[in-house]
2 protein chains.
Amino acid sequence: MNKKVSLKDIAQKVGVSTALVSYVLNDKRQNRVGKDLAKKIKKTATTLNYRPNQIAKSLKTNKTNTIGLIVADISNPFSSQIARAIEDEAEKNDYTVILGSSGENAEKSAKLINIFLERQVDGIIICPVENTQAQVRYLHKINIPFVLLDRYFPEVKANHVSVNNFGAAYMAVDHLIKQGYRNIGMIAYKTSLVHLQERTRGYIEALRNNKQSFKKSRLKELKMGCTQQEVEKAIDQLLKQPVDALFFTSNTLASCGIKYINKLHIQVPNDLGIVSFDETEAADLFYAPLTYIKQPIDEMGKQSLHILLDKISGKKKMITSNIDGELIVQRSSVLE
Amino acid sequence: MNKKVSLKDIAQKVGVSTALVSYVLNDKRQNRVGKDLAKKIKKTATTLNYRPNQIAKSLKTNKTNTIGLIVADISNPFSSQIARAIEDEAEKNDYTVILGSSGENAEKSAKLINIFLERQVDGIIICPVENTQAQVRYLHKINIPFVLLDRYFPEVKANHVSVNNFGAAYMAVDHLIKQGYRNIGMIAYKTSLVHLQERTRGYIEALRNNKQSFKKSRLKELKMGCTQQEVEKAIDQLLKQPVDALFFTSNTLASCGIKYINKLHIQVPNDLGIVSFDETEAADLFYAPLTYIKQPIDEMGKQSLHILLDKISGKKKMITSNIDGELIVQRSSVLE
DNA sequence: GTGAAAGCGCTAACAG
DNA sequence: CTGTTAGCGCTTTCAC
């Protein structure tokens with residue numbers, strides 16, 4: 001095994017103390033050390049191929065320059081894009097990200113938090129899952145910097161960045177109505193997560209403001225992680241009614257939905273208008289490309305990281321950010 | 001700021017040395033400590049809400065239980081699924097993963113490797129990008145456990161796990177021929193990466209073994225990261241010839257390709273058969289669901305991790321693994 | 001200008 | 001059975 005070279009090795013070789021080497025290599029107290037000596041130290045470091053040991057540094061400085069990120073489900077493109085955005089930004093700021101996926105499971109989330117804390121991360125970004133309010137409160141209690149992303153709990157105060165879900169859903173449904181659709185159904189999740197409830201609220205409000213009555217039978221609420229079959233059943237039930245448009249509340253639901261609609265040979269957009277919340281790759285590939293709400297993923301990632309960095313550097317004030325989504329209109333919602 | 005509690009705090013409170021506390025809390029040398037004392041120590045630990053500091057532990061033991069993972073492009077589902085598979089398996093084995101995405105860029109890859117080494121990861125799994133042979137040799141030289149995943153360099157000996165790309169491509173093209181397609185074009189990458197070249201070799205070999213001549217004009221090689229427009233141009237050029245089937249060498253190319261074919265209103269599978277290497281979400285959504293080669297992603301992730309763990313625990317023998325892909329036949333390649 | 005020395009939180013070698 | 005001590009690699013205070 002190649003012994004790793006440490007400050008000590010350099011110090012011995014040059015014949016100075018480790019402290020001096022540390023100074024030189026970190027460009028600190030430049031005035032404190034002779035130019036020639038500094039040069040010699042730097043040269044020896046490169047010769048020996050010195051690589052600082054971050055672990056030792058972290059132990060000493062009590063700072064790891066690492067943040068923990070918990071996404072809900074890394075196999076969902078939304079999560080992987082979020083992760084990517086955060087990592088990119090973290091790297092620019094000299095931070096490393098350790099990533100965990102909770103799989104919408106509170107226990108797994110707790111376990112990840114524990115791992116992160118043991119590893120002394122400087123801060124945590126979480127897309128919290130249902131029933132993790134206590135975890136969030138705990139983070140608050142132990143006073144570690146953290147930011148909730150995409151989701152939040154109105155009853156637990158915490159820094160968070162999320163999308164204006166209400167506004168985006170409202171925009172989507174309003175668009176359908178303006179296009180001439182009159183009987184809009186919605187496929188959503190049965191959940192305690194407020195950010196999803198907000199989408200339903202947007203749907204209902206848009207109907208009301210356009211003088212369309214909200215019919216409960218047109219709102220199907222499925223459990224998270226539901227199967228293709230369950231989505232199909234919901235669509236069957238909706239299509240028995242005089243429904244001429246569907247609003248899917250997530251990319252996964254939309255993806256399942258259009259696969260089925262494809263099979264049924266229903267004519268989109270003329271027989272059925274469709275809008276989806278969030279993208280699917282499918283969105284473009286469906287014979288009638290899907291109108292969807294584009295979430296500002298990069299922006300969300302960036303903002304959450306910078307809020308976290310602010311917290312880490314000691315800022316106290318609570319920050320919340322609510323970013324607007326964008327409606328991307330394509331063929332699936334435009335009557336021909 | 002909540003002061004973190006350390007072994008020392010517990011030791012002081014109970015009135016013993018830190019060493020003893022360490023023994024008890026790690027269940028080591030159980031015979032060495034009295035039952036009552038052990039109980040008292042454990043109780044105090046929970047009361048104080050003690051959480052071991054992994055950083056300190058790592059510094060001492062020279063082991064971080066962390067591995068670094070470099071994928072080529074985290075926004076590609078192939079990468080995120082690989083990452084997920086590896087993380088799942090790592091967690092089961094008490095390892096944490098730090099993830100980086102090279103974006104097919106050698107410099108970025110080098111930078112990530114450096115970060116990983118500074119952070120004293122116990123091992124590294126890499127999906128290497130072009131022109132990173134030197135990096136691989138370096139890892140070998142400094143004697144850190146590592147495994148190449150998905151890709152490898154035949155001229156550089158290293159542990160790796162990959163797909164039998166030749167066999168899978170052969171199977172795909174052979175299937176098309178058996179279905180009655182006679183003029184099969186291929187859209188591939190112009191690259192030095194052998195795993196991709198193997199796919200082309202599979203294509204050519206399958207043609208030859210079926211007594212079909214290989215025509216250079218039917219093989220389009222695009223640069224990695226090419227645009228939708230470039231794919232469209234390649235397809236245009238192929239369709240000018242008497243081509244009745246297309247083999248796409250990656251999910252990205254296939255995804256671009258079928259979007260265009262969709263636009264052109266070409267009848268798949270009757271006017272044009274299609275097979276893709278690797279999945280797209282699109283595969284199922286295209287009006288004629290795509291036949292594709294399913295890569296054994298979970299298996300690849302698992303194997304690479306376990307090979308790495310073997311290396312970490314000191315096994316010397318070089319290990320390479322070549323896993324077969326599977327051809328999933330759907331409508332796009334079956335003449336009606 | 002320079003360096004000795006303490007110590008971050010932990011484990012393991014070494015006494016009793 | 002129980003406990004002490006040294007030291008992992010680094011930074012930083014303080015003394016020269």
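Below, all heavy atoms of this structure are taken into account, side chains as well, without hydrogens, waters or symmetry copies. Here is how names work: the chains are called A, B, and so on, in the same order as the sequence lines, proteins then strands, and each is numbered from 1.
The CG atom of Leu48(A) lies 6.0 Å from the CD1 atom of Ile10(A); values are rounded to the nearest 0.5 Å.
The nucleotide whose nearest atom lies closest to any side-chain atom of Ala56(B) is, among dT11(D), dC10(C), dG9(D), dC10(C). When distances run from any side-chain atom of Tyr23(B) to the nucleotides dA4(C), dT4(D), dA13(C), the shortest one goes to dA13(C). Nearest nucleotide to the side chain of Leu37(A), out of dT4(D), dG9(C), dT2(C): dT2(C). Considering only the side chain of Tyr50(A), dC10(D) comes nearest among dT4(D), dT11(C), dC10(D). Side-chain atoms of Val16(A) lie closest to dG3(C) of the nucleotides dT11(C), dT12(D), dG3(C). Of the candidates dC8(C), dG9(C), dT4(D), the closest approach to any side-chain atom of Lys60(A) belongs to dC8(C). Listed candidates were dG9(C), dT11(D), dT4(D). Nearest to the side chain of Asn26(A) is dT11(D). You'll find that the side chain of Leu59(B) is closest to dG9(D), out of dA4(C), dA5(C), dG9(D). Each of dC10(C), dT11(D), dA12(C) was ranked by its minimum atom distance to the side chain of Thr61(B); first place goes to dA12(C).
Between the CD1 atom of Ile55(A) and the C1' atom of dC8(D) there is a distance of 11 Å, given to the nearest Å. Look at CD on Gln12(A): it is 15 Å from C1' on dA4(C), rounded to the nearest Å. As rounded to whole Å, 12 Å separates atom P of dT11(D) from atom CG of Asp27(A). Distance CG (Asp9(A)) to C1' (dC10(D)): 13 Å, rounded to an integer number of Å. In this structure, Leu7(B) places its CG atom 12 Å from P of dA12(C), rounding to the nearest Å. Atom pair Leu20(B):CG and dT11(C):C1' shows a separation of 13 Å (rounding to whole Å applied). Straight-line distance from the CG atom of Leu25(B) to the C1' atom of dG9(C): 13 Å, rounded to whole Å. Between the C1' atom of dC10(D) and the CD atom of Gln120(B) lies a distance of 11 Å, rounded to the nearest Å.
Using a 4.0 Å cut-off between charged nitrogen and carboxylate oxygen, Lys4(B) and Glu118(A) do not count as a salt-bridge pair. Note on Lys92(A) versus Glu87(A): no salt bridge recorded, every NZ/NE/NH1/NH2 to OD/OE distance being 4.0 Å or above.
In this structure, a donor-acceptor pair under 3.5 Å is absent between the side chains of Gln120(B) and Ser58(B).
Side-chain nitrogen and oxygen atoms of Ser22(B) include none within less than 4.0 Å of the OP1 or OP2 phosphate oxygen of dC10(C). Contact annotation: Lys8(A) side-chain N/O to dC10(D) OP1/OP2 distance is not under 4.0 Å. Taking only side-chain nitrogens and oxygens, Ser17(A) never comes nearer than 4.0 Å to OP1 or OP2 of dT2(C).
Within 4.0 Å (heavy atoms only), Asn62(B) reaches no atom of the nucleic acid at all. Ser6(A) comes within contact range of the sugar-phosphate backbone alone, with a heavy-atom separation under 4.0 Å but no base atom that close. Nucleic acid contact class of Asn53(A) (heavy atoms, under 4.0 Å, all strands): sugar-phosphate only.
For the pair Glu155(A)/Arg137(A), a side-chain contact is recorded, criterion being any heavy-atom separation below 4.5 Å from C-beta on.
With hydrogens and angles ignored, the 3.5 Å screen pairs no side-chain donor or acceptor of Thr96(B) with any backbone N or O of Thr66(B).
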